[in-house]
Every structure is written in structure tokens, then in C-alpha cells.
Amino acid sequence: MAKVRIVATGRWILFVIAAFICSSAGYFSNVNNFPEVPPLTGQTLSCATELQGNKDVFSVYVTDHGIAQMALDRLCSNKIIKRQYGEVRIVIGQSDYDTFRYINHGVVDLALIKKNVVEAFGADEIYGLTRIAAHPNYSAYFISLREKPVLDKEYLLGKRFGLLDYPSSRSGHIVPKTVMQELGLSANNVDINYYSSHKELRRALLAGEVDIISSYWAVEDNESLSKNYAMPLQETVSGMQWFLKMQTKNTDLFCAMQKVVKDISDSHPRPYYKTLILEEGCATHE
């Protein structure tokens with residue numbers, strides 16, 4: 001009887017193993033038929049160039065949709081890009097996770113980001129991200145609608161704050177959080193509301209959703225806000241900068257990208273982006 005049981009048990013084990021092998025074979029034979037799951041964050045714009053058969057992609061990372069569209073139009077028609085790449089792909093980042101994915105992993109060729117992001121990830125040393133142009137530094141402010149904010153704990157207690165939902169943003173997140181901490185304020189004793197952009201911060205302030213926002217001061221703010229009601233938090237905040245991956249001495253690309261970002265700067269409707277300082281290294285611009 002014992003022998004019969006052993007044989008039956010052995011047959012059962014063989015059956016289980018065979019079933020597992022068959023199911024595994026079926027899975028792996030079909031796994032390639034599943035569509036690739038796209039990233040859950042970030043919007044992508046793309047275009048094909050005239051360089052047929054070239055699978056090299058020129059990848060760009062920005063966080064502003066308007067700049068992304070302007071870049072796409074200019075890059076897709078740029079003769080150096082069309083000479084070296086088969087496709088242009090622009091990712092519009094929407095969070096710090098996006099920035100981490102694309103900058104820390106070195107998958108972009110051109111990026112409009114803050115210098116501290118590049119330095120934090122070591123992307124300049126690891127991937128050769130090189131600054132080709134920079135927008136000016138600016139100041140960070142607490143901005144209110146009807147009175148100038150006071151940097152005092154008792155005054156700020158109970159106020160509704162509007163900050164950026166970007167931990168890497170200095171004027172919209174880092175600087176105000178630092179000031180609050182120094183004054184003994186936190187999410188436990190003030191009401192903090194987070195928004196996706198500086199434009200949304202201004203909309204929330206004008207709509208009465210918050211009492212104070214933290215942001216920079218733009219020339220166009222004079223039309224709807226009062227500079228008298230802006231309290232400086234930090235005089236010098238690093239501006240946005242253009243970085244190009246330069247793992248090879250691709251000087252044609254360097255010069256071409258400086259021309260592209262300069263054209264974007266000249267055409268941008270916001271005064272801040274119209275000021276651009278180009279890095280040296282390109283004698284002529286095509």
C-alpha cells in the first residue's frame with residue numbers, strides 16, 4: 001500500500017510540474033503581444049525627421065507646455081537635427097518624479113531645468129550635461145492681495161498659503177518652507193494648499209482660495225497685483241537653464257541648439273524668458 005501511495009504522489013508532482021511548464025511557456029510566448037505600458041506621468045510630443053531609417057531619438061525635457069511646443073516646431077525643422085537624428089521627442093514633466101526619471105537616468109539630450117537639479121544628480125559629470133544658455137536669476141516673495149505680508153509667526157498663523165507642488169522649486173516650495181520652519185510654522189499650524197504652476201498660484205490668490213502665495217515677481221504681475229504687497233524672502237534664486245548632453249564634441253549640435261533656444265527666448269510672450277545669456281563656445285550660428 002505504501003508503494004502505491006508513493007507512486008501516486010510522484011505522478012501528482014509530475015503533473016504539477018508539467019502544468020507549470022505549460023503555463024509558463026504560454027505566458028512567455030504571449031508576453032511580447034502585450035502593448036508597452038506608457039509612463040503614467042509626463043506628456044510627450046514628437047515628430048519624425050527626414051533622416052529615414054535612423055533610429056536615434058533627440059530627447060528633450062521641459063516642464064512648460066508652451067516652451068515644449070515652441071521647441072518641437074523649431075527642432076523638427078532644424079537642419080542639424082535632421083542630419084543627425086531620425087526623431088525628436090519632447091517630454092513635458094509634471095512632477096519631481098518626472099525630473100528624477102529623465103535627468104537622473106541620463107535619457108535626455110536637451111533640458112530646461114535648474115542648475116541645482118543637474119548638480120544634485122551629478123548629471124554634468126556622469127552624462128556630460130553642459131549648460132548652453134541661462135535665463136536670469138530672480139527673487140522669491142510672499143505675495144498677498146490686500147496687504148504686505150509680515151515675516152512674523154503670530155501674523156502668519158492661520159493664514160492660507162499657496163505653494164507649488166514641486167519640492168525642487170525654490171521660489172514656490174523650498175524658500176517658503178525654509179522661512180516657515182525658521183519661524184516655527186508647519187503644516188500643523190498653517191493651511192498649505194499646493195498648486196501645479198505659478199500661474200495657478202496667481203489664479204488661486206485672485207480667486208480668494210489662499211491669503212498668501214510664494215513665487216517670483218514678474219513684470220506682468222503689475223497689471224493684477226501690487227508690488228507693495230510682496231514681501232522678499234530671498235533676493236537671489238537660480239534661474240532656469242538649458243543643458244545639452246555633450247558626451248562627444250558635437251559642436252554643430254551645440255551651435256544649433258543655442259540658436260533654437262535663443263529663438264524660443266525671443267519669441268516667448270513672458271518677459272522673464274526673453275532674457276537669455278548664451279554660453280561661449282560657438283563662434284558662428286547657422
Side-chain angles (χ1 to χ4, degrees), residues 63-64 93-100 103-104 111-124 131 134-222 224-241 243 270-273 275:
T63 56
D64 181 276
Q94 300 176 3
S95 67
D96 283 334
Y97 175 65
D98 290 333
T99 302
F100 172 80
I103 305 303
N104 183 49
L112 178 60
I113 49 179
K114 295 289 187 70
K115 179 182 178 182
N116 64 298
V117 173
V118 174
E119 293 177 341
F121 295 142
D124 49 346
R131 184 173 61 191
H135 294 288
N137 295 336
Y138 54 91
S139 300
Y141 298 89
F142 271 161
I143 303 173
S144 184
L145 198 58
R146 298 184 179 88
E147 65 178 355
K148 187 171 186 175
V150 179
L151 298 184
D152 176 77
K153 182 177 181 179
E154 297 302 320
Y155 173 84
L156 296 175
L157 276 174
K159 292 290 191 297
R160 298 170 301 165
F161 287 87
L163 303 183
L164 276 188
D165 191 19
Y166 265 73
S168 61
S169 171
R170 297 195 63 83
S171 65
H173 195 106
I174 297 175
V175 173
K177 282 289 190 72
T178 301
V179 171
M180 289 180 180
Q181 185 178 18
E182 291 174 348
L183 293 174
L185 298 171
S186 68
N188 296 325
N189 50 26
V190 293
D191 184 9
I192 301 178
N193 300 278
Y194 292 98
Y195 296 88
S196 61
S197 67
H198 288 281
K199 181 179 180 180
E200 275 295 297
L201 286 177
R202 284 155 175 75
R203 182 204 60 75
L205 179 63
L206 293 171
E209 295 178 11
V210 295
D211 302 309
I212 299 172
I213 62 173
S214 184
S215 185
Y216 55 83
W217 186 265
V219 175
E220 55 265 34
D221 287 332
N222 292 311
S224 57
L225 300 170
S226 172
K227 188 68 176 290
N228 293 326
Y229 301 151
M231 168 60 71
L233 300 179
Q234 184 173 319
E235 292 296 334
T236 304
V237 178
S238 177
M240 300 295 286
Q241 301 181 5
F243 289 86
R270 283 181 51 189
Y272 171 76
Y273 284 108
T275 303

#### Entry: Lys159 atom NZ, neighbour heavy-atom count above 12 within 6.0 Å
yes
* Ring-face cation of Arg160 near Tyr194 (centre distance under 6.0 Å, axis angle within 45°) -> no
* Asked: Does NZ or CZ of Lys227 fall inside the cone over Tyr229's six-membered ring, less than 6.0 Å from its centre and within 45° of the axis?
  -> no
side-chain contact (heavy atoms from CB on, under 4.5 Å) test vs Phe243 passes for just one of Ile103, Val118, Asp124, Leu112, namely Val118
From [X] atom [atom1] to [Y] atom [atom2], the distance as rounded to the nearest 0.5 Å:
X	Y	atom1	atom2	answer
Glu209	Glu200	CD	CD	8.0 Å
Ser169	His198	OG	NE2	4.0 Å
Ile143	Asp221	CD1	CG	6.0 Å
Thr99	Lys114	OG1	NZ	11.0 Å
Ile174	Leu163	CD1	CG	11.5 Å
Asp191	Ile212	CG	CD1	11.5 Å

With no hydrogens and no angle check, is any side-chain donor or acceptor of [X] less than 3.5 Å from a backbone partner on [Y]?
X	Y	result
Tyr138	Tyr272	no
His135	Gly239	no
Ser144	Asp211	yes
Ser139	Glu235	yes

Is the closest side-chain heavy-atom distance between [X] and [Y] below 4.5 Å?
X	Y	value
Leu156	Val150	no
Ile113	Gln241	no
Trp217	Asn222	yes
Leu151	Met231	yes

Margin query: Side chains of Ser215 and Arg202 only: does a donor on one sit below 3.5 Å from an acceptor on the other?
Written below: yes
Exercise. Please walk me through it: do Asp64 and Met240 pass side chain to side chain contact (heavy atoms under 4.5 Å, CB included)?
Worked result: CA-CA 11 Å; Asp64 181 276; Met240 300 295 286; over 6 Å; no
Practice task
For Tyr216 and Val237, run side chain to side chain contact (heavy atoms under 4.5 Å, CB included): C-alpha distance rounded to whole Å, both residues' side-chain angles, the deciding distance at 0.1 Å, then the answer.
Solution key: CA-CA 9 Å; Tyr216 55 83; Val237 178; over 6 Å; no
Heavy-atom pair with the smallest gap, counting every atom of [X] and [Y]:
X	Y	result
Gly184	Asn189	O-ND2, 3.4 Å
Leu185	Lys153	CD2-CG, 3.7 Å
Ala140	Val175	CB-CG1, 4.1 Å
Ala134	Arg131	CB-CD, 4.2 Å

CA sep, side-chain torsions, deciding dist, call: Leu233, Ser214, side chain to side chain contact (heavy atoms under 4.5 Å, CB included)
CA-CA 9 Å; Leu233 300 179; Ser214 184; 3.8 Å; yes
- Message: Assess the residue pair Leu183 and Asp152 against the criterion (side chain to side chain contact (heavy atoms under 4.5 Å, CB included)); give the C-alpha distance rounded to whole Å, side-chain angles, the decisive distance to 0.1 Å, and a yes or no.
- Response: CA-CA 7 Å; Leu183 293 174; Asp152 176 77; over 6 Å; no
The ring pair (Phe, Tyr, Trp, His ring centres under 6.0 Å) partners of Phe161 (sequence neighbours excluded) come to Phe142
